[in-house]
Student: 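Pasting a structure here, questions to come.
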There are 2 protein chains.
Amino acid sequence: MLRISRLTDYGTMILVHLAGQDAGLCSASDVAAGTHLALPTVQKLLKTLAKSGLVGSVRGADGGYRLTRAPEEITAAEILNVLEGPVAITECSTETHQCELEPLCQVGSAWQKINRAIRSVMEDIRLSDLRRPPTEFVLKDLRQSPVANPYSHGS
Amino acid sequence: MLRISRLTDYGTMILVHLAGQDAGLCSASDVAAGTHLALPTVQKLLKTLAKSGLVGSVRGADGGYRLTRAPEEITAAEILNVLEGPVAITECSTETHQCELEPLCQVGSAWQKINRAIRSVMEDIRLSDLRRPPTEFVLKDLRQSPVANPYSHGS
DNA sequence: ACGAAATTGGACTAAAATAGTCCTAATTGA
DNA sequence: TCAATTAGGACTATTTTAGTCCAATTTCGT
Ligand code: FES
Ligand code: FES
């Protein structure tokens, strides 16, 4: 199904959470509370993210994590890279392109082509785009049929 | 790494092989021989492909498989669909969109956006594009440095 | 100096998805 | 009837992914 792993999804949630904290430090527990994810999982992922440089860390009491760059400058491609390695839909489309079948295999460079296309899509999407904009859909509803808008009476 | 499963890769090899046989019937053993894949694996995959309608089958002695459509009319998206289900990089981007985290989760519709982008790329690539064109790279080499072409003296 | 609160690094187990094999029926042609 | 072949599915093994936990290190506050 060509899906990203659940951990990558979680990792993205964490990044989105950090993006909402404007450079303030968040401890792992803070993040766990904010995202409703299990603490050990959050700890593990934050370690990965810190090692990658995408987030910075401060040790010791009152330490924590924070983004090292603005959310607008972090691409989905980078996030995927960090959380599940470089995008490569087949073994043949890796950088260190080492496929034993290659001389025999008739499936050519098209997977690579698909791969590049996917990569470029990913590079156009930023962490800032990943935050759910809560009003977007509401506005659309209002224009097309105001009376059917479920938010119009509050609660 | 966002990769397709090995079986999908094999399945594609099989389709490419069938595409090279011009409507003639191929038994599973033929395909296994032609692709250098293990027979049981080929049998399994051909069954899947046949069930999907992408290839047709004839039972009994002298039976076999063949493509039901021209390679130009089969998209990579379809192949992926058949071999590993609909493209959906997260659980939230499935058709039957049922994610329990959704009300809490701040990661918005961007995954769906990425998903649509990938789908559309896949729909532009056809089975016929997936066949390795054996001369393509040779020609390039010839233009840039004729003497370095390893094929120029036969073998 | 001490202790509490954090990160760091990595080992470890459990669970799930994937890959691969094999067996038994049903179908067809000679 | 026999041999070749697909159909369907059960089954096992392997690999990947998820998740937990522990011991060490760093830093702040008292
Ligand atoms: S499977 Fe590796 S080159 Fe085709
Ligand atoms: S994880 Fe499902 S909506 Fe965000």
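Order of the sequence lines fixes the chain letters, A, B, ..., with proteins taken first and strands second; residue numbering starts at 1 for each chain. Values below: every heavy atom of this structure, side chains too, minus hydrogens, waters and symmetry copies. Keep in mind it's a predicted model, so treat the numbers as computed, not measured.
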Student: Considering only D/dA18, D/dA7, D/dC28, which nucleotide approaches the side chain of A/Asp62 most closely?
Tutor: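 Of all the options, the side chain of A/Asp62 is nearest to D/dC28.
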Student: Using modelled atom types only, decide if a donor and an acceptor are shared between the side chain of A/Glu73 and the backbone of A/Ala70 within a distance under 3.5 Å.
Tutor: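 Side chain of A/Glu73 to backbone of A/Ala70: no pair is present.
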Student: How many whole angstroms separate atom CG of A/Leu39 from atom C1' of C/dA5?
Tutor: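 In whole Å, C/dA5 C1' lies 13 Å from A/Leu39 CG.
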Student: Give a yes or no on whether a donor-acceptor pair under 3.5 Å exists between the nucleobase atoms of C/dA26, that is its base, and the side chain of B/Arg59.
Tutor: yes
Student: Could you say whether B/Tyr65 or A/Val58 is positioned toward the 5' end of DNA chain D, judged by the nucleotide with the nearest heavy atom to each?
Tutor: B/Tyr65
Student: Below the 4.0 Å mark, does C/dA19 have OP1 or OP2 next to a side-chain nitrogen or oxygen of B/Ser5?
Tutor: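 True: B/Ser5 side-chain N/O within range (under 4.0 Å) of C/dA19 OP1/OP2.
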Student: Does this structure show an ion pair linking A/Glu78 with A/Arg126, if we count only N-O contacts that are shorter than 4.0 Å?
Tutor: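 So A/Glu78 does not pair with A/Arg126 through a salt bridge.
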Student: In terms of side-chain heavy atoms of A/Ala61, which of C/dA4, D/dG8, D/dA3 is nearest?
Tutor: C/dA4
Student: What nucleotide, of C/dA19, D/dC21, D/dA18, holds the atom closest to the side chain of A/Arg6?
Tutor: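 Side chain of A/Arg6 sits closest to D/dA18.
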Student: When you measure from the side chain of B/Thr48 to the backbone of B/Lys44, do you find a donor-acceptor pair of N or O atoms at a distance under 3.5 Å?
Tutor: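 Pair found, side chain donor or acceptor close to backbone of B/Lys44.
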Student: In whole angstrom, what separates B/Leu83's CG from C/dA19's P?
Tutor: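 Atom-to-atom, B/Leu83 to C/dA19, this comes out as 11 Å.
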Student: Please report the distance, rounded to the nearest Å, between NZ in A/Lys47 and C1' in D/dT25.
Tutor: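 It is 13 Å, rounded to the nearest whole Å.
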Student: Of A/Ala38 and B/Gly63, whose nearest nucleotide on DNA chain D comes first from the 5' end?
Tutor: B/Gly63
Student: To the nearest angstrom, how far is B/Asp9 atom CG from C/dT18 atom P?
Tutor: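 Going from CG in B/Asp9 over to P in C/dT18 covers 15 Å.
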Student: Hydrogens and angles aside, do B/Glu84 and B/Thr8 bring a side-chain donor and acceptor to less than 3.5 Å of each other?
Tutor: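 The answer is yes; a qualifying pair exists.
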Student: To the nearest Å, give me how far apart CG (B/Leu18) and P (D/dT6) are.
Tutor: 11 Å
Student: Tell me the interatomic distance from B/Lys44, atom NZ, to D/dA7, atom C1', rounded to whole angstroms.
Tutor: 14 Å
Student: Using atom CD1 of A/Ile4 as one end and atom C1' of C/dA17 as the other, report the distance to the nearest whole Å.
Tutor: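 Rounding to the nearest Å, CD1 of A/Ile4 and C1' of C/dA17 are 17 Å apart.
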Student: Taking only the side-chain heavy atoms of B/Ser27 (C-beta and beyond), determine which of D/dA4, D/dT6, C/dT7 contains the nearest atom.
Tutor: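 Given the options D/dA4, D/dT6, C/dT7, the side chain of B/Ser27 is closest to D/dT6.
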Student: Where each residue is assigned the nucleotide of DNA chain C containing its nearest heavy atom, which of B/Gly60 and B/Leu7 is assigned the position nearer the 5′ end?
Tutor: B/Leu7
Student: Counting heavy atoms from C-beta on, name the nucleotide in D/dT6, C/dT7, C/dT21 closest to the side chain of B/Thr41.
Tutor: C/dT21
Student: Which one, D/dT6, D/dT17, C/dT18, comes nearest to the side chain of B/Ser57?
Tutor: D/dT6
Student: Hey, what do you get for OH (B/Tyr10) to OG1 (B/Thr41), rounding to the nearest 0.5 Å?
Tutor: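 Between B/Tyr10 OH and B/Thr41 OG1, I get 7.0 Å after rounding to 0.5 Å.
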Student: Measure from CD on A/Gln43 to P on D/dG19 and round the result to the nearest Å.
Tutor: 14 Å
